[in-house]
Amino acid sequence: DFINRAFLKNSETIDLADMMTGNYHRMAFDCSKEIKQILTFLSVEENLPAVIHCSAGKDRTGFISFLLQTLAGVETDAIHEDYLLTNNFMLNGKDVKKQELIFKILPLGKFNLDIFKPYQEARPEYLKSVSEEITNRHNTVEEYLIDYCMIPEEVVDRLKASLCKY
């Protein structure tokens, strides 16, 4: 709703790429309780297998997937490549087409649809930026989870063992 109001008000001054980068930082540093809840749930074998998703499947899902893949020892470049695969599905999806149609039929005058792209895309800078900030503040994702998200070390160890089991 905020984005729609902001676009309708002044579409030329919004920098959605910066806003999306900020959203990733807020997920990491304002949602530690929720991250703890999700990862603790996933560390319990009886809760598996589990599907991780959100409304679009790129931001919250992408961030949680980044944390899980990092714990599993996946190389950073491979994690980022996997994250960008989202674009193969998102940018051709019904939701994106519907959003574009709405903006075309609304009387927005000189509205530029390209301004909306950063909101629709998974971009490498979103994940890389928050990944670097986690590393700068906490050295590793594991330390971030233990020290910042307050996930007990045994829960992190159990999660890592579960991720590497197969």
Side-chain angles (χ1 to χ4, degrees), residues 3 14-45 47-100 103 112-149 151 153 155-166:
I3 290 173
I14 288 220
D15 186 339
L16 275 181
D18 282 347
M19 188 173 104
M20 291 303 297
T21 299
N23 284 344
Y24 277 70
H25 285 258
R26 279 185 289 286
M27 279 189 284
F29 299 107
D30 293 347
C31 298
S32 60
K33 186 170 42 172
E34 291 83 356
I35 292 166
K36 178 181 181 179
Q37 183 178 13
I38 292 165
L39 297 186
T40 300
F41 177 86
L42 293 173
S43 75
V44 177
E45 195 166 334
N47 295 334
L48 302 176
V51 175
I52 302 166
H53 64 90
C54 60
S55 59
K58 69 177 180 69
D59 303 316
R60 290 167 289 183
T61 300
F63 182 67
I64 293 296
S65 295
F66 155 74
L67 295 175
L68 293 170
Q69 289 175 309
T70 302
L71 284 178
V74 177
E75 295 286 327
T76 303
D77 288 343
I79 295 170
H80 291 173
E81 287 173 26
D82 183 59
Y83 167 72
L84 293 176
L85 287 174
T86 300
N87 290 328
N88 294 344
F89 304 99
M90 285 291 300
L91 299 180
N92 295 316
K94 290 179 188 174
D95 288 340
V96 170
K97 300 299 180 198
K98 187 169 81 175
Q99 290 167 355
E100 289 176 354
F103 281 110
N112 179 355
L113 280 175
D114 290 335
I115 293 171
F116 197 55
K117 288 289 185 203
Y119 181 72
Q120 296 174 314
E121 297 173 335
R123 292 190 172 182
E125 60 267 23
Y126 303 160
L127 197 55
K128 285 181 180 180
S129 176
V130 74
S131 166
E132 288 171 1
E133 187 64 25
I134 287 171
T135 302
N136 288 340
R137 291 188 192 189
H138 301 282
N139 297 318
T140 67
V141 165
E142 190 169 341
E143 289 180 38
Y144 156 78
L145 293 172
I146 293 168
D147 297 338
Y148 191 80
C149 296
I151 300 174
E153 191 170 347
V155 171
V156 173
D157 290 341
R158 196 170 59 232
L159 186 56
K160 284 171 51 178
S162 177
L163 288 167
C164 299
K165 189 175 185 176
Y166 301 98

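As the structure is a prediction and not an experimental result, all values here were calculated from the model.
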Q.
A side-chain contact here means heavy atoms from C-beta on lying under 4.5 Å apart; do Asn47 and Leu42 qualify?
A.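 Asn47 does not reach Leu42 side chain to side chain.
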Q.
With heavy-atom distances below 4.5 Å as the criterion, would you say the side chains of Met20 and Asp59 are in contact?
A.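 Yes. Closest side-chain heavy atoms under 4.5 Å.
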Q.
Can you confirm whether more than 12 heavy atoms, excluding those of Glu153, are under 6.0 Å from its CD atom?
A.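 At most 12 heavy atoms, drawn from other residues, nucleotides or ligands, come within 6.0 Å of this atom.
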Report the distance from atom [atom1] of [X] to atom [atom2] of [Y], rounding to the nearest 0.5 Å.
X: Lys33; Y: Ile151; atom1: NZ; atom2: CD1; result: 14.0 Å
X: Gln120; Y: Asn87; atom1: CD; atom2: CG; result: 10.0 Å
X: Thr40; Y: Arg158; atom1: OG1; atom2: CZ; result: 7.5 Å
X: Ile146; Y: Asp157; atom1: CD1; atom2: CG; result: 6.5 Å
X: Leu159; Y: Cys164; atom1: CG; atom2: SG; result: 9.0 Å
X: Leu127; Y: Leu84; atom1: CG; atom2: CG; result: 8.5 Å

Holding to side-chain hydrogen bond (donor to acceptor under 3.5 Å, both in side chains), I want the full list of residues that pass it with [X], two or more places apart in sequence or in another chain.
X: Thr61; answer: none
X: Glu133; answer: Arg137
X: Ser65; answer: none
X: His138; answer: none

Could you list the residues that satisfy side chain to side chain contact (heavy atoms under 4.5 Å, CB included) with [X], not counting sequence neighbours?
X: Ile35; answer: Leu39, Phe63, Ile64, Leu67, Tyr144, Leu145, Cys149
X: Thr70; answer: Phe66, Ile79, Val141
X: Ala17; answer: Asp15, Pro118, Arg123, Tyr126

If you take all heavy atoms of [X] and [Y], which pair is closest and at what distance?
X: Ile134; Y: Thr140; answer: CG2-O, 4.2 Å
X: Ala122; Y: Lys58; answer: N-CD, 4.0 Å
X: Leu48; Y: Ser162; answer: CD1-OG, 3.2 Å

Q) What residues, two or more places apart in sequence or in another chain, satisfy salt bridge (Lys or Arg N to Asp or Glu O under 4.0 Å) together with Glu132? A)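 If we apply the salt bridge (Lys or Arg N to Asp or Glu O under 4.0 Å) test to Glu132, skipping adjacent residues, there are no hits.
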(Q) If the condition is salt bridge (Lys or Arg N to Asp or Glu O under 4.0 Å), which residues does Arg26 pass it with, not counting sequence neighbours? (A)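 If we apply the salt bridge (Lys or Arg N to Asp or Glu O under 4.0 Å) test to Arg26, skipping adjacent residues, there are no hits.
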Q | Sequence neighbours excluded, every pair satisfying salt bridge (Lys or Arg N to Asp or Glu O under 4.0 Å) that has a member inside residues 138-148 | A |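 Passing the test, one end in residues 138-148: Glu142-Lys160.
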Q: Could you list all the side-chain hydrogen bond (donor to acceptor under 3.5 Å, both in side chains) pairs where at least one residue sits in residues 74-85, not counting sequence neighbours?
A: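 Every side-chain hydrogen bond (donor to acceptor under 3.5 Å, both in side chains) pair that includes a residue of residues 74-85, provided the two are not neighbours, is Tyr24-Tyr83, Gln69-Asp82.
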